[in-house]
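What follows is a single structure, written as structure tokens, with notes after it.
Throughout, residue positions are numbered sequentially from 1 according to the sequence presented.
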Amino acid sequence: MASKLKIGVLLSGSGTNLQAIIDAVRDEALPVEIVHVISSRPDAYGIERARAAGLSVTALNRDVYADPAAADARIVDEMRSAGAEYLVMAGYMRKLTPVVLDAFPDHVLNLHPALLPSFKGAHAIADAYAAGVKVTGVTVHLANEDYDKGPIVAQRAVEVREGWTQDDLEAAIHAMEHKLYPEVLRAVAEGRMSMDENRIIHIAE
């Protein structure tokens with residue numbers, strides 16, 4: 001049986017992807033242990049989800065982020081102290097500095113609600129909907145200093161159905177996120193994810 005992958009989760013909002021991971025650990029025996037959760041906002045609902053699951057939580061605030069490098073140093077200290085092997089960005093709306101990225105090299109996962117390299121940035125769902133595309137999707141990638149440009153780990157397409165509103169598309173995107181993130185974490189935990197000399201990610205079946 002695969003040993004449990006120890007992850008720290010970073011969030012800023014409602015925490016639905018955190019909840020999807022919690023549920024997968026419980027219902028699907030996902031071999032992952034969430035060792036700590038850090039929120040960039042003290043009022044994020046994801047904090048309540050974490051506490052309801054018995055997870056340790058740190059809530060940061062705007063004042064802490066006045067010095068981004070110092071904020072990230074605190075993230076590193078807390079995640080290292082908790083024993084995190086990977087950091088998982090789950091709706092974390094602040095850009096990580098090299099302080100975190102260098103402390104967890106190629107061990108920071110991010111989730112983006114589009115098929116990168118299309119529709120980068122914070123409004124990917126709205127941008128895809130406005131563009132009238134018939135297919136968009138979800139990307140899990142490794143975070144680096146270039147926003148939304150890290151090596152792609154996995155992608156899943158989402159068909160934009162005729163007559164859908166933007167809210168319909170958003171719901172479909174989130175549903176796919178909740179499936180894909182646990183799948184990627186399982187692959188990492190089971191040692192099935194690797195990177196070649198060209199920094200291309202491969203996941204073995």
Selection residues 5-22 - residue pairs positive for salt bridge (charged side-chain N to carboxylate O under 4.0 Å, His left out), sequence neighbours left out: K6-E33

Please check if atom [atom1] in [X] has more than 12 non-hydrogen atoms from other residues, nucleotides or ligands closer than 6.0 Å.
X	atom1	value
M195	CE	yes
H202	NE2	yes
Q166	CD	yes

Would you call [X] and [Y] a side-chain contact if the rule is heavy atoms closer than 4.5 Å?
X	Y	value
L111	L109	no
H112	M89	no
L142	N110	no
L101	D106	no

State the [atom1]-[atom2] distance between [X] and [Y], to the nearest 0.5 angstrom.
X	Y	atom1	atom2	answer
L169	I125	CG	CD1	6.0 Å
D168	R161	CG	CZ	10.5 Å
L96	L10	CG	CG	6.0 Å
S14	R49	OG	CZ	5.5 Å
S39	I47	OG	CD1	4.0 Å

Only pairs at least two apart or in different chains count here, so list each ring pair (Phe, Tyr, Trp, His ring centres under 6.0 Å) that has a residue in residues 159-200.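 Ring pair (Phe, Tyr, Trp, His ring centres under 6.0 Å) check on residues 159-200 returns no pairs.
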
Pairs flagged by ring pair (Phe, Tyr, Trp, His ring centres under 6.0 Å) wherever residues 23-63 is involved - sequence neighbours left out: none

With sequence neighbours excluded, what pairs up with [X] under the side chain to side chain donor-acceptor pair (under 3.5 Å) test?
X	result
H107	none
R62	none
D63	none
D67	none

Are any of the side-chain nitrogens in K120 or D127 under 4.0 Å away from the carboxylate oxygens of its partner? no

Indicate yes or no: does D23 engage R26 in a salt bridge with an N to O separation below 4.0 Å.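 Yes.
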
For the side chain of [X] and the backbone of [Y], is there at least one donor-acceptor N/O pair under 3.5 Å apart?
X	Y	answer
D72	T97	yes
R192	A204	yes
S12	M93	yes
D196	N198	yes

Do you know the tightest heavy-atom contact between [X] and [Y]?
X	Y	result
S118	A114	O-CB, 3.7 Å
L185	L30	C-CD1, 4.3 Å
G150	N144	CA-ND2, 3.3 Å
I173	G137	CD1-O, 3.3 Å
R80	A103	NH2-CB, 3.6 Å
R186	P31	NH1-CD, 3.5 Å

Using the test side chain to side chain contact (heavy atoms under 4.5 Å, CB included), find all partners of D167 that sit at least two apart in sequence or belong to another chain. T165, E170

Just jot down the side chain to side chain contact (heavy atoms under 4.5 Å, CB included) partners of A50, sequence neighbours excluded, or say none. L18, V37, L55, V57

Pairs touching residues 83-95 that satisfy side chain to side chain donor-acceptor pair (under 3.5 Å), sequence neighbours left out: Y65-Y92

Cluster question for you: counting only ILVMFWY and a side-chain heavy-atom cut-off of under 4.5 Å, with indirect links fine, are I38 and V35 together? no

Side-chain cluster (under 4.5 Å, hydrophobic types only) that L115 belongs to, other residues: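 Under the 4.5 Å side-chain rule, L115 groups with V135.
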
Side chains of residues 151-159: which donor-acceptor partners sit under 3.5 Å, not counting sequence neighbours?
unit_1, atom_1, unit_2, atom_2, d
Q155, NE2, L116, O, 2.8
Q155, NE2, T139, OG1, 2.9
R156, NH2, E183, OE1, 2.8

